[in-house]
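Report on the structure given below.
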Amino acid sequence: MQSLWMVVAAVFYALYAVCIKFSSMEGIGSFEVLFYRSFFGLIIFYVMMRMQHITVYTTHPIDHMIRSFVGAGAVMAGIYSISHLNVGLAMTLNYTSPLFIGCFTIGILIFQHKGINWKLLSTLVLGFLGVTVMLSPTITPEEYFPAGVGLAAGFCTAVATTYVKRLGLMKEPELRILFYFVLVGTICGLVGTVFTGGFTMPTSVAAMAIIGFVLCSTCAQFFLTRAFSRGNLVLSGALQYTVILFSTLMGMFVFGDSVSSAVVGGMVMIVVAGILASYFVRQETHKAIEERKHTEEGLQRHLRHKEARDH
């Protein structure tokens, strides 16, 4: 039951995309969207940190900086692609991060001379083939760049995710990780807005859209966290892809986006590949943890035996 919170999160993420699309149609720039979303989160997370007596001081500033800038880049790229592509198409590209994480895993295995996980590799081929099938017959030449930015959002999300895990292993509080993320997003959004012409006076529709994507992104993050913390990780990871279904349907009914059979086929391939890639990556991670544990246990036994012999 708890994993169904992921479906609720997916609905809010789809609504978030719709609100961003409306704001872009009303002349609100991508940097402005980044600023509004991040600034609201900055206030919320800072208040939550104060309530839980968590300070902003960290002993891992470089890791926070990399995670925050890459994460802000992922959000910015996602906003840009949603503004310039069909909603369902843009959200599908934004959710390619498991494929890139799988690529990172393959690269680590090769670097460590552990061989290639052929199941994972075939899954990645399927996923990127799905991207080709989805894009090739449907987008126009002027949409090539926004589509590339959408894929960049998936790549940046994958990199940011690895640093979130790294900071978690360093015992950094989740709220502090989120605080620095929205702090950097606020600064980047503000600077980008100033250098691209300043803030736009929002129309009534734009104001409602801004309020909408701010609230929807916050609610989506809340339910996403609850799903992964209280539900089944594998099921939650699979259910997060329902955002593609909801985004596509909302794009069709709200904006009249057309969806061809090639787009649907490509989306299905990406979703299946993303779920399988997440599963195989977890297998490799679990295997690495077990190998490390056995190695450490073997070393401890060796030291104990050596100490016994010496005495």
Take a 6.0 Å sphere around CZ of F39 and say whether it holds more than 12 heavy atoms from other residues, nucleotides or ligands. no
Going from CZ on F155 to OG on S97, what distance comes out if it is rounded to the nearest 0.5 angstrom? 11.5 Å
Looking at the rings of F255 and F22, which for Trp means the six-membered one, are their centres under 6.0 Å apart? yes
Just by distance, do the side chain of R176 and the backbone of I54 share a donor-acceptor pair under 3.5 Å? no
Over 60° means perpendicular and under 30° means parallel, so tell me whether H64 and Y180 are parallel, tilted or perpendicular. tilted
Shortest non-hydrogen contact from M269 toward V133: SD-CG2, 4.3 Å
M91 and side-chain contact (heavy atoms from CB on, under 4.5 Å): which single residue from V243, L85, T248 fits? V243
Can you classify the ring geometry of F179 versus Y46 as parallel (below 30°), tilted (30 to 60°) or perpendicular (above 60°)? tilted
Decide whether a cation-pi geometry holds between R67 and F181; the criteria are a distance under 6.0 Å from NZ or CZ to the six-membered ring centre and an angle within 45° of the ring axis. yes
Taking atom CZ of F45 as the centre, does the number of heavy atoms from other residues, nucleotides or ligands within less than 6.0 Å exceed 12? yes
Shared ILVMFWY cluster between L151 and V75, side chains joined below 4.5 angstrom? yes
Taking every heavy atom of E172 against every heavy atom of T58, the minimum-distance pair comes out as OE1-OG1, 2.8 Å
So, applying ring-ring contact (aromatic ring centres under 6.0 Å, His included) with F223, which one of Y16, F12, Y13 is it? F12
Classify the ring geometry between F199 and F35 as parallel (under 30°), tilted (30 to 60°) or perpendicular (over 60°). perpendicular
Does atom CE of M170 have more than 12 heavy-atom neighbours, drawn from other residues, nucleotides or ligands, at distances under 6.0 Å? yes
Show, in sequence, the C-alpha distance, side-chain angles and deciding distance for V184 and C188, and conclude whether the side chain to side chain contact (heavy atoms under 4.5 Å, CB included) test is met. CA-CA 6 Å; V184 169; C188 290; 3.8 Å; yes
Report, as yes or no, whether the 6.0 Å neighbourhood of atom CZ on F145 holds more than 12 heavy atoms from other residues, nucleotides or ligands. no
Please check if the number of heavy atoms outside F246 that lie under 6.0 Å from its CZ is greater than 12. yes
Checking side chain to side chain contact (heavy atoms under 4.5 Å, CB included) for the pair S278/V281: CA distance, chi angles, key distance, verdict? CA-CA 5 Å; S278 298; V281 167; 5.9 Å; no
For S247 and I244, indicate whether the former's side chain and the latter's backbone hold a donor-acceptor pair under 3.5 Å. no
Flag the pair F100 / F128 as yes when their ring centroid distance falls below 6.0 Å, and as no otherwise. yes
Give the C-alpha distance, both sets of side-chain angles, the deciding distance and a yes or no for side chain to side chain contact (heavy atoms under 4.5 Å, CB included) between L276 and F280. CA-CA 6 Å; L276 291 176; F280 291 137; 4.1 Å; yes
Checking T193 against E32: is there a side-chain donor and acceptor pair closer than 3.5 Å? no
